[in-house]
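The first residue of the sequence shown is numbered 1, and numbering continues consecutively from there. Note that ligands are numbered from 1 as they come in the structure, with each ligand's atoms numbered from 1 the same way.
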Amino acid sequence: MPASFPFTTPRSLDDEPEAQELLASGGSVVPASMGPITIWLALSYAACRQVLTDPRFSREEATRPGGPVTIPSGANPLVLTSMEGRKHARTRKLVAAAFSPRMVATLEPRVQAIVDSLLDAGPTDLVAGLCVPLPTTVICELLGAPYSDAPDIRRWTGRLMTARLTPDELREAEHDMQGYLADLVEFKRLQPDDKLITALVAVHDEGGHLTSAELLANLQLLLAAGHDTTVNQLGNSLLTLLRHPAEMRRLIDSPALIDTAVDELLRFSRLMAATLPRVTTEAVELDGVRLDAGAAVLPIISAANRDPSVFPDPDRLDLGRADAAPLAMGFGPHYCLGAQLAKLELRVALTSVLKRFPGLRLAVDESELTYRMETNVRALVSLPVAW
Ligand code: HEM
């Protein structure tokens with residue numbers, strides 16, 4: 001039977017058995033139906049990496065009308081993830097300049113202080129008590145948005161992350177979020193600060209490279225994708241640790257493992273099956289399979305992260321593993337711009353939870369955990385714990 005995407009994997013699973021089975025049965029690149037279109041699934045680590053780095057696999061082509069779409073808000077042609085080549089490099093440089101590693105490094109004490117104050121109450125539901133407020137507070141502070149706007153930001157983000165939106169619903173969701181951001185941009189012009197929106201406004205005003213529409217679309221990307229991913233990856237990582245008490249104990253006893261642990265949890269604890277689709281600009285060979293020009297291709301990073309030729313014994317969680325970089329944050333020119341920030345938050349949050357609550361355990365039966373079904377990402381509704 002031909003494969004089809006999205007997979008039907010239950011949200012509760014850390015892995016993606018359907019994709020792993022396809023890879024194991026010999027195909028590192030296989031065709032699948034995605035609604036009315038045929039899309040090639042890149043399943044192996046090597047195939048995914050080629051799709052993410054080889055310029056003949058184009059995001060720009062994939063965002064043209066009629067192109068493959070896995071999440072409607074991801075098809076906006078104005079955002080970084082939809083650009084290619086020189087245009088992408090130029091825009092990314094502008095955004096990255098405002099979002100420098102130095103800016104992120106100076107955030108560490110603040111991230112620690114936020115985590116400490118969230119944990120002071122004693123965790124009961126880690127989703128509501130830590131996973132949602134930490135990245136939301138951090139992204140608001142980084143951009144220079146008032147935290148009192150967080151409930152609206154979460155609501156708009158929830159709509160933008162919805163997997164099936166009509167064009168009208170998408171327009172309305174973008175209109176609400178970008179209307180808010182346009183007001184904030186005007187405010188920052190009058191009262192500049194040392195935060196990211198002010199820095200991007202300066203880039204926009206001086207360089208003339210970012211149009212107003214590009215500025216707003218990319219701020220939306222930073223605000224929405226820039227915190228919802230971390231919210232859910234943190235929840236999934238905590239659940240994975242609770243499911244592997246011996247590995248959790250290992251991390252409690254050896255906190256210096258935290259960097260490899262964060263990477264291993266990104267590899268092992270699936271956030272999403274695939275990253276954004278690409279379309280070939282010319283005929284190309286992908287891991288031995290010849291694709292025509294105009295072929296839609298989907299990098300199945302969840303399968304690549306369990307590719308046994310790169311990660312020996314891939315279904316074993318090993319917090320000391322250092323085999324290869326997981327593809328959970330992409331690879332190549334579109335590699336996650338927020339990776340350092342997200343890893344900082346994961347590192348500080350996981351270290352602090354385990355240090356303060358080494359007896360952490362689930363307070364309900366695992367079968368009672370539920371997930372948000374309207375989104376493509378694996379998103380726990382709550383994570384009730386005792387300690
Ligand atoms: C654990 C959390 C995160 C995960 C798993 C994640 C995942 C990803 C992935 C897979 C991509 C590559 C998309 C592709 O090439 O198809 C990406 C790109 C991106 N991410 Fe993240 N992300 C996370 C956190 C963040 C944060 C915190 C921010 C910003 C504050 C952010 C901003 C971006 C941006 C702007 C891009 C586009 C880069 C480009 O196209 O050049 N992400 N992310």
Side-chain angles (χ1 to χ4, degrees), residues 42 48-49 51-54 57-60 62-63 68 70-71 74-85 87-96 98-101 103-104 107 111 131 134-143 145 153 157 161 195-197 200 214 217-237 262-263 265-267 269-279 297-302 304-305 325-347 349-350 376-379:
C48 275
R49 231 168 71 159
V51 174
L52 295 174
T53 48
D54 183 333
F57 295 86
S58 164
R59 276 295 301 144
E60 197 173 322
T63 57
T70 46
I71 169 166
N76 184 338
L78 298 179
V79 293
L80 259 185
T81 42
S82 305
M83 296 173 185
E84 266 329 310
K87 185 170 183 209
H88 171 257
R90 200 168 52 225
T91 312
R92 181 166 166 123
K93 211 170 137 205
L94 295 174
V95 180
F99 193 42
S100 65
M103 199 172 198
V104 173
L107 277 176
V111 171
C131 303
L134 170 64
T136 314
T137 309
V138 170
I139 199 73
C140 283
E141 291 191 3
L142 190 78
L143 291 172
I153 292 170
T157 300
M161 292 292 163
K195 308 288 184 182
L196 206 149
I197 293 183
L200 272 183
E214 281 172 346
N218 284 289
L219 280 176
Q220 174 185 302
L221 173 72
L222 284 172
L223 186 55
H227 84 278
D228 199 56
T229 40
T230 315
V231 166
N232 296 310
Q233 183 62 39
L234 181 55
N236 296 347
S237 298
V262 163
D263 267 355
L265 289 163
L266 280 161
R267 180 190 78 84
S269 192
R270 167 180 62 99
L271 178 66
M272 46 202 170
T275 186
L276 297 163
R278 270 68 175 171
V279 166
V297 186
L298 194 57
I300 307 294
I301 52 178
S302 55
N305 282 339
L327 299 183
M329 292 178 149
F331 197 85
H334 289 282
Y335 179 68
C336 179
L337 204 55
Q340 296 315 319
L341 176 62
K343 286 191 186 189
L344 168 67
E345 293 180 49
L346 291 166
R347 203 169 66 228
L350 295 175
N376 284 336
V377 299
R378 195 170 151 239

Closest non-hydrogen atom pair, Tyr335 against Arg92: O-NH1, 2.7 Å

Polar contact flag for Tyr335 and ligand 1 (N/O pairs, less than 3.5 Å): no

Proximal atoms of ligand 1 relative to Thr230 (non-hydrogen, under 4.0 Å): 2 (C), 24 (C), 27 (C)

Ligand 1 atoms in contact with Leu271 (distance to a heavy atom under 4.0 Å): 5 (C)

Separation of Leu222 CG from His227 NE2 (nearest 0.5 Å): 12.5 Å

Gln233-ligand 1 polar pair, N/O distance under 3.5 Å: no

Heavy-atom side-chain contact between Leu143 and Lys195 under 4.5 Å: no

Partners passing side chain to side chain contact (heavy atoms under 4.5 Å, CB included) against Glu60 (at least two apart in sequence or in another chain): Ser58, Arg64, Glu84

For Arg92, the ligand 1 atoms whose distance to one of its heavy atoms is below 4.0 Å: 38 (C), 39 (C), 41 (O)

Interatomic spacing from CG in Leu346 to CD in Gln233 - rounded to 0.5 Å: 6.0 Å

Set of side chain to side chain contact (heavy atoms under 4.5 Å, CB included) partners for Thr230, sequence neighbours left out: Pro135, Ala342, Glu345

Val377 side chain reached by Thr229 side chain, heavy atoms, under 4.5 Å: no

Option with minimal heavy-atom separation from atom 12 (C) of ligand 1, where the choices are His334, Gln340, Glu345: His334

Min N/O separation Thr275 to ligand 1 under 3.5 Å: yes

Nearest non-hydrogen protein atom, atom 35 (C) of ligand 1: Leu221 CD2, 3.6 Å

Non-hydrogen side-chain atoms of Val231 and Leu134 separated by less than 4.5 Å: no

For Ile139, atoms of ligand 1 separated by under 4.0 Å from a heavy atom: 30 (C)

Part of Pro135 with heavy atoms under 4.0 Å of ligand 1, whether side chain, backbone, both or neither: neither

Side chain, backbone, both or neither: Leu327 near ligand 1, heavy atoms under 4.0 Å: neither

Side chain proximity check, Asp263 to Leu266, heavy atoms < 4.5 angstrom: yes

Where ligand 1 meets His88 - atom numbers and elements under 4.0 angstrom, heavy-atom basis: 39 (C), 40 (O), 41 (O)

Within-shell test, Arg278 vs ligand 1, heavy atom, strictly < 4.0 Å: yes

Per-residue contact class, Asn218 against ligand 1 - non-hydrogen pairs under 4.0 Å: neither

Ligand-side contact atoms (ligand 1) for residue partner Pro333, heavy atom cut-off under 4.0 Å: 41 (O)

Under-4.0 Å heavy-atom contact with ligand 1, by part of Leu142 that carries it: neither

Thr81 to Arg59 - nearest heavy-atom pair and separation: O-NE, 2.7 Å

Nearest non-hydrogen protein atom, atom 7 (C) of ligand 1: Ala328 O, 3.6 Å

Nearest-contact summary for atom 37 (C) of ligand 1 - protein heavy atom, Å: Thr81 CG2, 3.4 Å

pair Thr275-Leu52: side-chain heavy atoms closer than 4.5 Å: yes

Side-chain donor or acceptor of Asn236 paired with backbone N/O of Arg378 under 3.5 Å: yes

With Ala304 via side chain to side chain contact (heavy atoms under 4.5 Å, CB included) - residues at least two apart: Tyr45, Cys48, Leu327

Heteroatoms of the protein, restricted to N/O/S, which lie under 2.8 Å from atom 21 (Fe) of ligand 1: Cys336 SG

Arg49 to Phe331 - nearest heavy-atom pair and separation: CG-CD2, 3.5 Å

Sub-4.0 Å heavy-atom approach of Lys343 to ligand 1: no

Side chains of Asn218 and Leu94 in contact at under 4.5 Å (non-hydrogen atoms): no

